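Okay, so here's the structure we're looking at.
Keep in mind that the numbers below use all heavy atoms, side chains included, and drop hydrogens, waters and symmetry copies. To find a chain, count down the sequence lines: A is the first, B the second, and so on, and within it residues start at 1. The structure presented is a predicted model; accordingly, all values stated were derived computationally and were not measured.
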There are 2 protein chains.
Amino acid sequence: MSLRSFVPAYYQLAEDLKNKIESGELKPGDVIPSEAQLAAQYGVSRMTVRNGLSLLSKGGYINSFQGKGNFVASPKMDRMYFYFSENNLLGQNKKLDAKLLSVDVLAADDKTASKLQVAVGSKIVRIEQMLSSEDGPVAIDRRFLPYIKGAPLLEKEIEYAAFPESMSRHTELVSAHNGISVQACVLMKEEAKLLSSKVGFPALCIEQIIYSRDRKPLGWSKMICRGDRFVLKAVSEPYSERL
Amino acid sequence: MSLRSFVPAYYQLAEDLKNKIESGELKPGDVIPSEAQLAAQYGVSRMTVRNGLSLLSKGGYINSFQGKGNFVASPKMDRMYFYFSENNLLGQNKKLDAKLLSVDVLAADDKTASKLQVAVGSKIVRIEQMLSSEDGPVAIDRRFLPYIKGAPLLEKEIEYAAFPESMSRHTELVSAHNGISVQACVLMKEEAKLLSSKVGFPALCIEQIIYSRDRKPLGWSKMICRGDRFVLKAVSEPYSERL
DNA sequence: GAGTGGTCTAGACCACACA
DNA sequence: GTGTGGTCTAGACCACTCC
């Protein structure tokens, strides 16, 4: 290639094509010039072209079909992403403050045992905390963990009381993943009191189960959020993975 | 390489390393053998190794640092995603049935104008529909679109009344993206009636704004979902993008 | 058969990190 | 300086699609 600026050639190529896609010059379904053509056009080798195209592919801009060509993809608007950690539950700027309310060791009841896939009556740890923003109380979070003596998870869990945060801190130790369900509910008496709200007011119930790499539940969290102070936001493309 | 099976070499390498990561042999933070070492070890060229590593990188299994090495990544448990379209709002198996209630052309009030970034009083289309599962009514969806005569979006929109579905059908024409917010609310009189429920019962309010590629709002949807029949589920790792 | 993307090689030079 | 990943080349053969 002749005049190389500071950005890699494959990146320039990807940017060029991306711009053509976003400007509408290349529409979804359109075929992209063949890799050989692009290589000639940009004066680079085919591997460099492929490097650029793989960027676009990773970003969801194009799809490749062997023997046919590279085609502009339709944006997947049905797949939504959001972050779920204490730093961004309420948006980028607002931070939540976590206050530990209680830590108990108790026997698992039916529901908890089923969620954690342990025997009914086995020892579990319950951690209760309150999350507040500058506006006041936002949510009550109750976590349940199997009581495993000496498990690093447990000890740190009690020390720093923050569910997804602390869990992800431990993923240095265990590869894990995470499932969330969001439901509408209303505040019960105790929750309303803790959240300085009123019984029957709308709330979000966010349940979270964290699994180990072999799909065993490591923890179960149930968060009750004041409806007026909590909004869950999601977008159809990853926040960071933009080209 | 000597004995090649049916899968590409780079893929085998990626699988090998993935298994080592998932089995715990390689833990998050661990460094992976250098590309040169892997190349020698597997008897392939360095580019082939890099091809395999890029798979792992794309899948979030490893991170690369120039001059340092490739490292096993910690799973990002704070990044959640879910699908939001009528076919999977309630899970994979349940399908929602959409019933068109009304279509009107009216003048934008303050709120709608602001959401759609149009002038107050300008013409907009309002489409109201009810979504039901086999269990009965689930949600009321109200959509607002700028009234643009002859816009393909609008006409099809009225024809097939399904928000994310129909919108994504049109993304063959316009690259677009999508923002959702989820809030707790309670059923108002009219909604309760339509949903065969009662005033004050918990509900989810899901607002969705679809943007064109130049970030102009193309549509605004506000969905009121019966709390007892609607659960939003999200997970921390892609279903499909697995290695 | 001609054209496409998929895989792969055996080198090369560079930018960066670390000692 | 040595080792690492990042970029790039100029070829090659294969599998696939379409004619």
Side-chain angles (χ1 to χ4, degrees), chain A residues 1-18 20-21 26 28-73 240-241 243, chain B residues 1-18 20-21 26 28-73 240-241 243:
Chain A
M1 104 212 69
S2 50
L3 267 188
R4 212 188 85 159
S5 46
F6 292 89
V7 296
Y10 77 93
Y11 191 85
Q12 278 196 6
L13 183 146
E15 273 289 332
D16 274 11
L17 288 174
K18 194 197 96 177
K20 285 185 182 169
I21 290 171
L26 285 171
D30 286 359
V31 68
I32 287 177
S34 80
E35 298 178 354
Q37 283 171 31
L38 287 171
Q41 184 178 326
Y42 283 83
V44 297
S45 81
R46 194 178 145 223
M47 284 304 286
T48 302
V49 171
R50 283 180 64 75
N51 203 347
L53 292 182
S54 93
L55 262 193
L56 294 172
S57 176
K58 188 154 53 180
Y61 290 96
I62 64 170
N63 294 317
S64 297
F65 299 96
Q66 181 170 160
K68 298 171 78 173
N70 291 291
F71 297 85
V72 179
S240 53
E241 271 180 20
L243 185 55
Chain B
M1 101 213 69
S2 49
L3 267 188
R4 212 188 85 160
S5 46
F6 293 89
V7 297
Y10 77 94
Y11 190 86
Q12 277 196 6
L13 184 147
E15 273 288 332
D16 274 11
L17 288 175
K18 194 196 97 178
K20 286 184 181 171
I21 291 171
L26 285 172
D30 286 359
V31 67
I32 287 177
S34 79
E35 298 178 355
Q37 284 171 29
L38 287 172
Q41 184 177 327
Y42 283 83
V44 298
S45 81
R46 194 176 146 224
M47 284 304 286
T48 301
V49 171
R50 284 180 62 75
N51 204 346
L53 293 181
S54 92
L55 262 192
L56 293 172
S57 176
K58 187 154 55 177
Y61 291 96
I62 65 170
N63 294 317
S64 298
F65 299 96
Q66 181 170 163
K68 297 173 79 173
N70 292 292
F71 297 85
V72 179
S240 54
E241 273 179 20
L243 185 54

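- Base pairing of C:dC8: its partner is D:dG11, meeting the Watson-Crick or G-U wobble criterion (both donor-acceptor distances under 3.5 Å).
- OP1 or OP2 of C:dT9 has at least one side-chain nitrogen or oxygen of B:Thr48 nearer than 4.0 Å.
- Looking only at side-chain heavy atoms (C-beta outward), A:Leu13 and A:Asn51 stay at 4.5 Å or farther from each other.
- A:Ile62 is listed as a side-chain neighbour of A:Ile21, based on a closest heavy-atom distance under 4.5 Å.
- Not one side-chain nitrogen or oxygen of A:Ser45 sits closer than 4.0 Å to the OP1 or OP2 atom of D:dC8.
- For A:Asp16 against A:Tyr42, the heavy-atom pair with the smallest separation is OD2-OH, 3.0 Å.
- For A:Gln66, whose side chain is taken as the heavy atoms from C-beta onward, the closest listed nucleotide among D:dG5, D:dT7, D:dA15 is D:dA15.
- Remark: C1' of D:dG5 and CD1 of B:Ile62 are 11 Å apart, rounded to the nearest angstrom.
- Atom pair B:Met47:CE and D:dA12:P shows a separation of 18 Å (rounding to whole Å applied).
- Toward the 5′ end of DNA chain C lies the nearest nucleotide of A:Ile32, the other residue of the pair B:Gly67 and A:Ile32 mapping further downstream.
- Going from atom CZ of A:Phe65 over to atom C1' of D:dC18 covers 16 Å, rounded to whole Å.
- Here the closest non-hydrogen pair linking A:Gly60 and A:Ala73 is O-CB, 3.6 Å.
- Toward the 5′ end of DNA chain D lies the nearest nucleotide of A:Val49, the other residue of the pair A:Lys68 and A:Val49 mapping further downstream.
- Atom CG of A:Asn51 and atom C1' of C:dG6 are 15 Å apart (whole Å).
- Contact annotation: B:Arg50 reaches the phosphate of D:dG6 (side-chain N/O to OP1 or OP2, under 4.0 Å).
- When each of D:dC8, C:dG5, C:dC8 is scored by its nearest atom to the side-chain atoms of A:Glu35, the top-ranked nucleotide is C:dG5.
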Practice prompt. Please test B:Ile32 against B:Leu38 for side chain to side chain contact (heavy atoms under 4.5 Å, CB included), starting from the C-alpha separation and ending with a verdict.
Written response: CA-CA 9 Å; B:Ile32 287 177; B:Leu38 287 172; 3.9 Å; yes
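- Atom CZ in A:Arg46 sits roughly 14 Å away from atom C1' in C:dT9 (whole-Å rounding).
- Across the protein-nucleic acid pair, A:Tyr42 atom OH and D:dT7 atom C1' stand 18 Å apart, rounded to whole Å.
- A:Phe71 has its CZ atom 12 Å from the C1' atom of C:dG3, to the nearest Å.
- For A:Gln37 and C:dT4, the shortest distance from a side-chain N or O to OP1 or OP2 is below 4.0 Å.
- When each of C:dT7, D:dC8, C:dG5 is scored by its nearest atom to the side-chain atoms of B:Pro8, the top-ranked nucleotide is C:dT7.
- Residue B:Asn70 is in sugar-phosphate contact alone, with no base atom involved, counting any heavy-atom pair closer than 4.0 Å across all strands shown.
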